[in-house]
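All chains are named by letter (A, B, ...) in the order of the sequence lines, taking the proteins before the strands, and each is independently numbered beginning at 1. Reckoned from all heavy atoms, side chains included, excluding hydrogens, waters and symmetry mates.
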There are 2 protein chains.
Amino acid sequence: MVRVRMSDVAARAGVSTATVSMVLNGVNGKRISPETQQRVREAAEAVGYKPNSVARSLRTQQTRMVGLISDTIASTPYAGRMLAGANDVARDQGHLVVLVDTERDAEAERLALQALNGQRVDAIIYACMWHRMVEVPPGLPEDAVLLDCAPVTGGRAAVVPDERAGGMAAVRELVAAGHRRIAFLDAEERFGLVASGLRYEGYLAVLAEAGIEPDPALHVRAEPVAGGGREAARRLLDLPAERRPTAMFCFNDRMAMGAYAEAHRAGLSIPGDLSIVGYDDQQLVAAELDPPLTTIALPHYEMGRWAMEVALGVRQADPAVPHLMPCPIIRRASVGPPPAQFGD
Amino acid sequence: MVRVRMSDVAARAGVSTATVSMVLNGVNGKRISPETQQRVREAAEAVGYKPNSVARSLRTQQTRMVGLISDTIASTPYAGRMLAGANDVARDQGHLVVLVDTERDAEAERLALQALNGQRVDAIIYACMWHRMVEVPPGLPEDAVLLDCAPVTGGRAAVVPDERAGGMAAVRELVAAGHRRIAFLDAEERFGLVASGLRYEGYLAVLAEAGIEPDPALHVRAEPVAGGGREAARRLLDLPAERRPTAMFCFNDRMAMGAYAEAHRAGLSIPGDLSIVGYDDQQLVAAELDPPLTTIALPHYEMGRWAMEVALGVRQADPAVPHLMPCPIIRRASVGPPPAQFGD
DNA sequence: AACCTTCAGTTAATCGATTAAACACACCGC
DNA sequence: GCGGTGTGTTTAATCGATTAACTGAAGGTT
């Protein structure tokens with residue numbers, strides 16, 4: 001791996017490095033004769049010249065690198081989709097992404113920010129792997145973009161999923177199928193999930209628009225994992241027949257997985273006896289349940305793209321209010337009409 | 001964000017930039033009086049000096065950045081664990097990781113390599129998200145490290161999971177519980193998974209060491225997803241009672257998920273009537289099945305660490321042969337003794 | 001007194017590009 | 001013959017650090 005410098009190209013082409021630079025960068029204000037351009041290009045090709053971005057960055061004050069600080073890359077399967085979205089945009093714009101995982105540690109965050117600042121990255125994205133409200137870490141540049149989190153103080157470009165609309169889409173799907181007794185298997189409040197309140201708002205909004213009186217007994221809370229979903233489903237199925245739900249909207253796909261298990265135990269078929277909608281479109285799971293789960297997808301890829309587009313100035317953002325990214329419904333096979341005795 | 005240069009610190013402390021550099025970098029061969037050191041440090045603190053790594057890199061010819069080329073960050077939930085391992089080591093060594101996703105496209109790979117080379121990263125890791133044999137892309141430096149893949153031609157430092165040992169651990173667990181009729185729910189050959197052959201080798205090796213004659217009817221293949229697992233399990237459970245397996249070793253957790261479903265349909269309890277072991281320890285799934293799945297974990301985090309350690313020279317690797325990373329068994333609740341009538 | 005060491009720093013070259021300003025030359029008009 | 005204009009290219013400063021080589025003063029030796 002020999003290092004070829006611009007001066008090597010210049011020497012071979014019999015010109016100065018200035019000329020080489022202008023030719024190779026296609027500087028348009030300057031006029032270089034076509035013959036010289038040709039010679040320079042051939043020389044560069046011949047010696048296998050590859051520009052040294054470090055030197056270029058020093059001079060131009062841009063590194064064409066974007067820092068991506070994330071609170072956890074390891075522990076969620078969604079992280080990849082965000083990274084992919086951000087990465088695709090970065091690539092198209094000729095940028096590279098520098099990834100730092102801070103594991104939600106304030107000191108690590110400080111260090112990361114310092115390192116990225118030292119590397120003079122052109123922009124910074126601060127990403128969370130769960131939709132959260134965050135205290136913006138001190139030292140985060142004004143123009144940093146927040147991804148899947150919103151600043152408690154406001155005033156930063158940020159993108160989060162439109163959880164309320166997602167909740168509405170889920171419940172509308174059930175209402176459209178004819179259900180009127182629709183349960184919401186929510187996460188317990190102690191987990192402090194902002195998604196929980198918003199999805200519930202969506203749930204209530206659609207019931208209202210459909211003229212359905214919400215039944216408090218159908219809003220149950222549990223741990224947002226399969227076990228919790230199972231337990232919540234059991235409580236609902238234990239209700240007297242006339243108060244029992246014909247459909248369940250689950251806070252996430254894992255709870256839906258638990259609800260499936262409990263439905264099977266109770267001898268109920270899905271969607272014949274019970275319809276279920278999840279949330280997250282968790283890869284390797286939602287599509288593999290039996291029957292495949294109708295769910296609301298979290299738009300991680302799109303949010304990753306959005307954040308990178310704003311970071312690189314391809315798109316403008318209003319820092320006053322977080323951008324709400326739509327959560328599309330993924331229709332599979334877990335929703336059907338309510339059982340006959342409940343039909344109308 | 002004012003840019004403070006070293007010369008600003010030097011001016012404030014009344015010394016030259018050389019002195020500032022020596023003090024701040026703790027160059028030990030050089031002697032700077034304690035008082036001067038003190039003054040320099042105070043000046044640096046006062047003006048908020050942060051070194052410009054771009055300039056430093058240009059001079060020292062090291063960037064303290066490592067390139068990580070991956071074939072897909074988006075589509076697998078394991079990617080995060082690899083990244084986390086690599087990232088942790090990089091951080092401890094004062095390095096940053098630059099991530100590029102090539103989506104298995106040769107042209108994108110070429111571009112990525114060129115970009116990383118241009119940025120003069122100190123090392124390169126080439127990562128796959130499924131254990132594969134790969135053609136090393138042209139232009140990949142000699143000292144690049146392969147992660148979760150092995151070069152078809154050999155000769156590069158590489159790390160892959162020890163699939164054979166993992167298969168052995170899985171089957172030993174079942175043998176130890178008393179099973180003798182153990183099925184292997186394998187992936188179909190057309191998927192070209194190197195893990196498949198190796199896990200099967202492990203399966204056969206343990207049967208041999210336990211003195212169990214392998215029954216070809218118990219080696220079934222299907223698509224390595226839940227549906228495939230279900231179908232494979234059905235074929236096995238349809239066998240006449242005396243040839244039916246009492247335990248199933250599944251190629252992956254998704255197939256195990258299908259096997260669970262089929263077992264329930266057949267009215268079999270796990271692990272009372274049927275024991276199951278998976279592979280992958282897929283997050284958000286293996287632990288959430290009911291009962292929680294005993295499985296073999298893929299050591300993604302450890303492989304990520306190993307690769308980064310080798311890349312940064314913290315650890316030596318033998319390029320002649322890929323390093324085999326152990327796959328630990330994760331004991332949960334899906335393995336028990338065989339049903340009484342099969343006991344001995 | 002002449003010479004050598006040691007100490008505490010400074011000077012200046014260097015890394016490899018970019019780019020404003022200067023320069024050389026040809027051509028043109030009067 | 002002289003200034004003006006255009007063209008094509010070079011010169012040299014610059015980005016912000018690192019570091020080998022040097023300097024100048026103080027102290028020690030013979």
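Checking dA17(D), dT9(D), dG9(C) against every side-chain atom of I32(B), the shortest atom distance belongs to dG9(C). Closest to the side chain of S21(B), from the set dT19(D), dT11(D), dG16(C), is dT19(D). Nearest to the side chain of Y49(A), among dA17(D), dT19(D), dA17(C), sits dA17(C). Side-chain atoms of N52(B) lie closest to dG16(D) of the nucleotides dT10(D), dA20(D), dG16(D). Comparing dG16(D), dT7(D), dT10(C) against the side chain of L58(A) picks out dG16(D) as the nearest. The side chain of R31(A) approaches dT7(D) more closely than any other nucleotide in the set dA17(D), dA12(D), dT7(D). Relative to the side chain of Q61(A), the nucleotides dT18(C), dC15(D), dT10(C) differ in distance, and dC15(D) lies closest.
The shortest distance between the side-chain N/O atoms of T36(B) and the OP1/OP2 oxygens of dA8(C) is not below 4.0 Å.
Atoms CG (D8(A)) and C1' (dC15(C)) sit 14 Å apart, rounded to a whole Å. Whole-Å rounding puts the R56(B) CZ to dG16(C) P distance at 18 Å. The separation between L24(A) atom CG and dT9(D) atom P is 15 Å, rounded to whole Å. Protein atom CE of M6(B) is 13 Å distant from nucleotide atom C1' of dT10(C), rounded to whole Å. Rounded to an integer number of Å, the gap from R39(B) CZ to dA8(C) P is 13 Å. For the pair N25(A) CG and dT19(C) C1', the interatomic distance rounds to 11 Å; values are reported in whole Å. In this entry the distance linking CE of M22(A) with C1' of dA17(C) reads 13 Å, nearest Å. Between the P atom of dA17(C) and the CZ atom of R3(A) lies a distance of 11 Å, rounded to the nearest Å.
Backbone-only contact: T60(B) has heavy atoms under 4.0 Å from sugar-phosphate atoms and none from a base. Among the atoms of the strands shown, none is found under 4.0 Å from any heavy atom of S57(B). Residue V54(A) is classed as having no contact, given no heavy-atom separation below 4.0 Å to the nucleic acid.
Between S53(A) and A18(B), the one whose closest nucleotide on DNA chain C sits nearer the 5' end is A18(B). Two residues, V15(B) and A55(A), neighbour DNA chain C, and the one matched to the more 5' nucleotide by heavy-atom proximity is V15(B). A residue-by-residue look at T17(A) and S33(A) shows that S33(A) has its nearest nucleotide of DNA chain D further toward the 5' end.
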Could you summarise the pairing of DNA chain D as dot-bracket text, marking Watson-Crick and G-U pairs under 3.5 Å with ( ) or [ ] inside the strand and | across strands? ||||||||||||||||||||||||||||||
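R3(B) and D8(B) make their closest contact through O-OD2, 4.2 Å (heavy atoms, listed as atom of the first residue, atom of the second, distance). When every heavy atom of V194(B) is checked against every heavy atom of R132(B), the shortest pair comes out as CG1-CA, 4.1 Å. Nearest approach of R156(A) to L146(A), heavy atoms of both residues: CB-CG, 4.2 Å.
Evaluation of atom-type donor-acceptor distances gives a pair under 3.5 Å for the side chain of R59(A) against the base of dT14(D).
Checking Y126(B) against D71(B) by side-chain atom types alone, no donor-acceptor pair falls below 3.5 Å.
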In sequence, state the C-alpha distance, the side-chain angles, and the governing distance for E45(B) and R41(B), and then conclude on salt bridge (Lys or Arg N to Asp or Glu O under 4.0 Å). CA-CA 6 Å; E45(B) 175 74 20; R41(B) 272 186 242 281; over 6 Å; no
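For the pair T17(B) (side chain) and M6(B) (backbone), a donor-acceptor distance under 3.5 Å is absent.
Atom-to-atom distance recorded for M129(B):CE and M82(B):CE is 5.0 Å, nearest 0.5 angstrom.
More than 12 heavy-atom neighbours from other residues, nucleotides or ligands sit within 6.0 angstrom of CD on E107(B).
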